[in-house]
Number of protein chains: 2
Amino acid sequence: MGKNIESNLANTPHFNPLNPQEFRKQAHEMVDFIADYYQNIDSYPVLSQVQPGYLRANLPQNAPSLPESLETILEDVKNQIIPGMTHWLSPNFFAFFPSTVSTAGFLGEMLCTCFNSVGFNWIASPAATELEMLLPKSFMFQGTGGGVIQNTTSEAILVTLIAARDKALDVDGSGNLNKFVVYASDQTHSTFAKACKMVGISPRNIRLIPTTIDAGFSLSPIQLKAAVEADMENGLVPLYLCVTLGTTSTTAVDPIELLAGVAKEHGMWVHVDAAYAGSACICPEFRHHLNGVELVDSLSLSPHKWLLSGLDCCCLWVKNPTVLVKAQSTNPEYLRNKQSESDSVVDFKDWQVGAGRRFKSLRLWLIFRTYGVVNLQDHIRSDVGMAKIFEDFVRSDPRFEIVVPREFGLVCFRLNPDETFGSDYTELSNQKLLDWVNSTGRVYMTHTKAGGIYVLRFAVGATLTGDNHVVAAWKLIKEGADALLKTV
Amino acid sequence: MGKNIESNLANTPHFNPLNPQEFRKQAHEMVDFIADYYQNIDSYPVLSQVQPGYLRANLPQNAPSLPESLETILEDVKNQIIPGMTHWLSPNFFAFFPSTVSTAGFLGEMLCTCFNSVGFNWIASPAATELEMLLPKSFMFQGTGGGVIQNTTSEAILVTLIAARDKALDVDGSGNLNKFVVYASDQTHSTFAKACKMVGISPRNIRLIPTTIDAGFSLSPIQLKAAVEADMENGLVPLYLCVTLGTTSTTAVDPIELLAGVAKEHGMWVHVDAAYAGSACICPEFRHHLNGVELVDSLSLSPHKWLLSGLDCCCLWVKNPTVLVKAQSTNPEYLRNKQSESDSVVDFKDWQVGAGRRFKSLRLWLIFRTYGVVNLQDHIRSDVGMAKIFEDFVRSDPRFEIVVPREFGLVCFRLNPDETFGSDYTELSNQKLLDWVNSTGRVYMTHTKAGGIYVLRFAVGATLTGDNHVVAAWKLIKEGADALLKTV
């Protein structure tokens with residue numbers, strides 16, 4: 001009967017959405033489309049000027065029944081999608097922290113998409129696991145530690161928090177989460193409190209310790225100690241400390257060594273969130289910010305922020321992965337295999353939230369090899385240098401002030417406080433200036449509030465930004481200030 | 001002074017890792033490399049034959065100081081990486097569930113990487129948010145519901161569990177998680193129990209209700225009811241039910257309508273995990289599996305499993321996003337903006353674990369438009385058709401049996417139980433057959449255990465698989481059986 005079935009098979013070709021010839025042709029078209037986009041990116045308004053709901057009116061809301069051509073679709077990308085983009089890769093993007101990219105990162109992503117391997121365990125994709133283990137030796141698979149690529153800092157905090165929680169629950173035995181307390185500064189990224197709530201830490205037990213402008217918005221070890229002691233007197237259990245290297249608002253640096261000293265006295269898990277500033281530590285002149293790192297339990301940094309990788313890419317190092325793996329491991333029959341059972345391999349599904357995972361290390365590997373350490377250091381230094389240029393511009397204009405000293409690629413500044421009209425007025429003037437600058441589409445900056453002060457943030461780091469863009473941005477800001485202060 | 005600084009700027013070009021000309025040249029090279037890979041993929045052993053640790057011996061462990069050429073790097077990809085790949089895109093890949101891809105999905109991913117926009121809120125990337133809201137109307141933004149693209153099912157379960165937990169905590173007021181109970185079948189993906197533990201559900205309160213082969217490994221509403229009632233008698237609170245459409249082991253389908261009926265009597269959150277089989281419901285002949293879906297709170301399906309999107313892509317629909325958003329929202333000053341505050345827009349950071357997110361909808365949008373519904377249905381049907389061919393082969397050979405009836409693209413089969421030597425012997429024979437088949441590198445299948453039975457899984461769905469590959473795989477399996485049964 002087998003034979004009959006075989007001979008009955010129709011030889012009509014199936015629908016093949018991965019025909020190599022067609023792939024080659026269309027992917028080449030897409031490369032040219034993208035290269036053109038990069039070439040013209042200067043000409044687009046960096047902050048999108050569309051109104052909410054704009055797309056619904058312009059694109060069909062249902063999938064078409066029949067195929068459409070790539071040309072038709074790319075026309076829609078040009079006419080409907082691109083006008084609705086806030087162009088993160090524009091050289092005039094100085095908002096948030098830029099998300100840096102590179103040709104090598106792009107090629108790595110293409111390779112990752114090409115293989116589309118699902119590396120939940122070693123056997124499912126040996127090269128994917130092993131290349132990730134091989135990334136620079138600071139990944140520490142030589143000793144007892146280990147490293148893994150997460151999507152975002154949120155996930156890095158989530159998995160380490162869970163490891164810390166489950167370790168503490170094991171010791172405690174009561175199964176009661178309500179006694180655990182976590183600590184960070186009030187400048188810590190909002191994702192920290194979110195992750196704490198996700199894992200069941202009571203919002204009442206999340207201590208965001210106040211910082212001051214005088215201390216550069218850095219977390220004080222003395223205040224941490226006081227908070228921990230007060231909690232312990234109340235019968236609570238200190239669980240986890242999140243130290244930040246380069247806060248989102250102002251790039252404040254918490255002192256790792258002193259803080260870890262306090263936390264370790266009480267057996268807390270110490271995590272360093274170095275999402276932004278960690279990348280700068282590839283340059284020796286910034287490395288002192290890592291002093292004391294040997295005391296901590298885990299550290300994460302996001303190469304998509306400042307190491308040219310594109311989204312998503314967050315490296316997490318853990319001193320004792322056993323605890324982390326114990327908390328997240330699963331062992332379903334359909335994934336069992338000899339290599340995993342012999343403990344000779346790492347199965348990364350047990351280091352993260354999801355089961356499936358892409359071949360994430362390819363991007364970093366291509367970046368390291370394509371550019372080499374020398375160029376990567378040059379890239380960090382040139383961003384810092386451009387931020388310094390901007391800082392000097394601000395200092396040279398008596399209408400402005402620098403709010404906190406610049407350390408990396410972010411300049412925090414504002415129009416001077418107006419003593420006659422008070423702080424609300426100052427805030428409003430700065431808001432107006434920001435809105436005007438952004439409305440031109442020629443520059444995009446954002447703001448923050450730190451220590452009650454409304455601050456303008458000028459973050460240098462978009463991959464295509466050069467000195468000329470910084471100069472033009474400053475001219476525009478001055479122009480805005482001229483107009484604003486004239487009308488007052 | 002401003003003038004002086006400007007005139008002092010050195011006009012030396014910075015290191016530019018996104019030079020458009022260089023990008024164009026190298027990306028074209030990469031397209032050809034990838035197209036060649038697809039053209040030759042048939043020739044690689046589908047299951048990698050390397051040993052643990054192979055890569056460490058062959059590649060440098062540190063980033064180089066100076067740049068290396070793309071040619072050198074691609075040589076290493078060819079000689080070091082590719083031999084260590086288990087080729088998920090090989091037409092001879094019948095393991096796990098295949099992770100399907102397409103040219104359109106690839107192009108969508110290239111565009112997503114191109115823009116590299118970080119769509120945490122609307123203003124940061126209006127088109128990214130709006131296109132995601134526009135995806136087929138089943139995303140339901142017309143009514144009170146909404147949809148969002150997560151990375152994986154694990155995250156979809158995590159965020160809905162947290163929503164359910166926090167809603168229940170609000171009602172309860174005690175802050176005590178230890179009373180909440182969650183339910184699923186023992187066939188549910190292991191990621192369910194993992195997610196439950198992550199959010200603080202006590203492992204004692206995770207009910208994985210036994211299923212039987214006679215009921216096709218489907219969760220019984222009667223047993224669910226009994227379990228729920230027993231828990232309530234013990235003072236526990238039913239929280240969450242996970243219903244599966246197409247389990248990982250055997251593609252069993254839980255009856256949504258009946259199960260949701262039981263769960264809703266007790267106010268539970270009902271989630272449908274349709275990761276694999278949900279995609280089949282684009283064909284009318286499979287849609288009855290969704291009967292009762294109007295009763296549930298959320299549903300997720302993963303287009304990377306069967307809708308050609310490549311990794312990662314998991315669509316989550318939620319009936320009442322307010323609860324979900326309330327549980328995960330954050331509102332830091334540095335992300336505040338007029339549009340978010342006027343509530344006129346959706347900020348997807350509040351629908352997921354992480355803050356940052358890529359322009360994830362582009363891939364699906366390109367797939368829907370490039371192929372149209374007609375071709376996508378054809379793709380599902382052709383996979384099911386090939387699985388049916390394989391099933392007929394198995395049925396035609398008296399040495400084999402089908403373990404559970406085939407419903408989608410997965411065939412669960414084994415060498416017949418051997419009554420003389422007992423079940424351990426049967427398991428061993430099947431294991432040996434599987435190991436032999438996989439060791440040839442010509443086919444990759446995996447196994448599972450269901451109802452205590454060791455089952456061989458033949459999952460059809462890799463994008464490049466055609467009838468001829470199924471025929472060749474069956475021949476190889478028969479060859480293995482011939483050799484194995486001869487030596488006995």
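These numbers come from the heavy atoms of this one structure, side chains and all, not from hydrogens, waters or symmetry mates. In the text below, chain A, chain B and the rest are named by the order of the sequence lines, each starting its count at 1.
- Only the side chain of L158(A) comes within less than 4.5 Å of a heavy atom of chain B; its backbone N, CA, C and O stay farther away.
- Using a 4.5 Å cut-off between heavy atoms, S302(A) does not touch chain B at all.
- Contact annotation for S65(A): both backbone and side-chain heavy atoms come within less than 4.5 Å of a heavy atom of chain B.
- When heavy atoms are compared at a cutoff of 4.5 Å, I73(A) approaches chain B by way of both its backbone and its side chain.
- Looking at Q352(B), the atoms closer than 4.5 Å to chain A (heavy atoms on both sides) all sit in the backbone: N, CA, C or O.
- Comparing H189(A), E155(A), K197(A), R457(A) by how many heavy-atom pairs each has under 4.5 Å with chain B, the most go to H189(A).
- The part of T152(B) that comes within reach of chain A is its side chain, from C-beta onward, which places non-hydrogen atoms under 4.5 angstrom from that chain.
- Both the backbone and the side chain of N375(A) come within less than 4.5 Å of a heavy atom in chain B.
- Among R336(A), H87(A), H447(A), H304(A), the residue making the largest number of heavy-atom pairs under 4.5 Å with chain B is H447(A).
- For chain B, the nearby parts of I81(A) are the backbone and the side chain; heavy atoms of each come within less than 4.5 Å.
- Proximity to chain B (any heavy atom under 4.5 Å) is shown, for I201(A), by neither the backbone nor the side chain.
- At a cut-off of 3.5 Å, with distance as the only test, no side-chain donor of R369(A) or T72(B) sits close to an acceptor on the other residue.
- With sequence neighbours excluded, the residues forming a side chain to side chain donor-acceptor pair (under 3.5 Å) with N116(A) are S99(B), listed by chain and number.
- Checking side-chain atoms of T100(B) against main-chain N and O of T463(B) turns up no donor-acceptor pair under 3.5 Å.
- Screening Y37(A), F33(A), W88(A) against F115(B) for a ring pair (Phe, Tyr, Trp, His ring centres under 6.0 Å) leaves a single residue, Y37(A).
- Heavy-atom distances place the side chain of V345(A), and not its backbone, under 4.5 Å from chain B.
- Contacts between Q339(A) and chain B at a heavy-atom distance below 4.5 Å involve the side chain alone, from C-beta outward.
- Of the listed residues (E22(A), E109(A), Q21(A)), the greatest number of heavy-atom pairs within a distance under 4.5 Å of chain B belongs to E109(A).
- Comment: R24(A) engages D32(B) in a salt bridge, judged by a side-chain N to carboxylate O separation of less than 4.0 angstrom.
- Residue F359(A) touches chain B through its side chain alone, counting heavy-atom pairs closer than 4.5 Å.
- Heavy atoms of L47(A) lying under 4.5 Å from chain B belong exclusively to its side chain.
- Interface remark: T330(A) contributes side-chain atoms only to the contact with chain B (heavy atom separation under 4.5 Å).
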With salt bridge (Lys or Arg N to Asp or Glu O under 4.0 Å) as the test, would you mind laying out the steps for D312(A) and R357(B) before giving the verdict? CA-CA 8 Å; D312(A) 305 331; R357(B) 68 200 313 270; over 6 Å; no
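- For L70(A), the part lying under 4.5 angstrom from a heavy atom of chain B is the side chain only.
- For I162(A), the part lying near chain B is the side chain, with the backbone staying farther off; criterion is any non-hydrogen pair under 4.5 Å.
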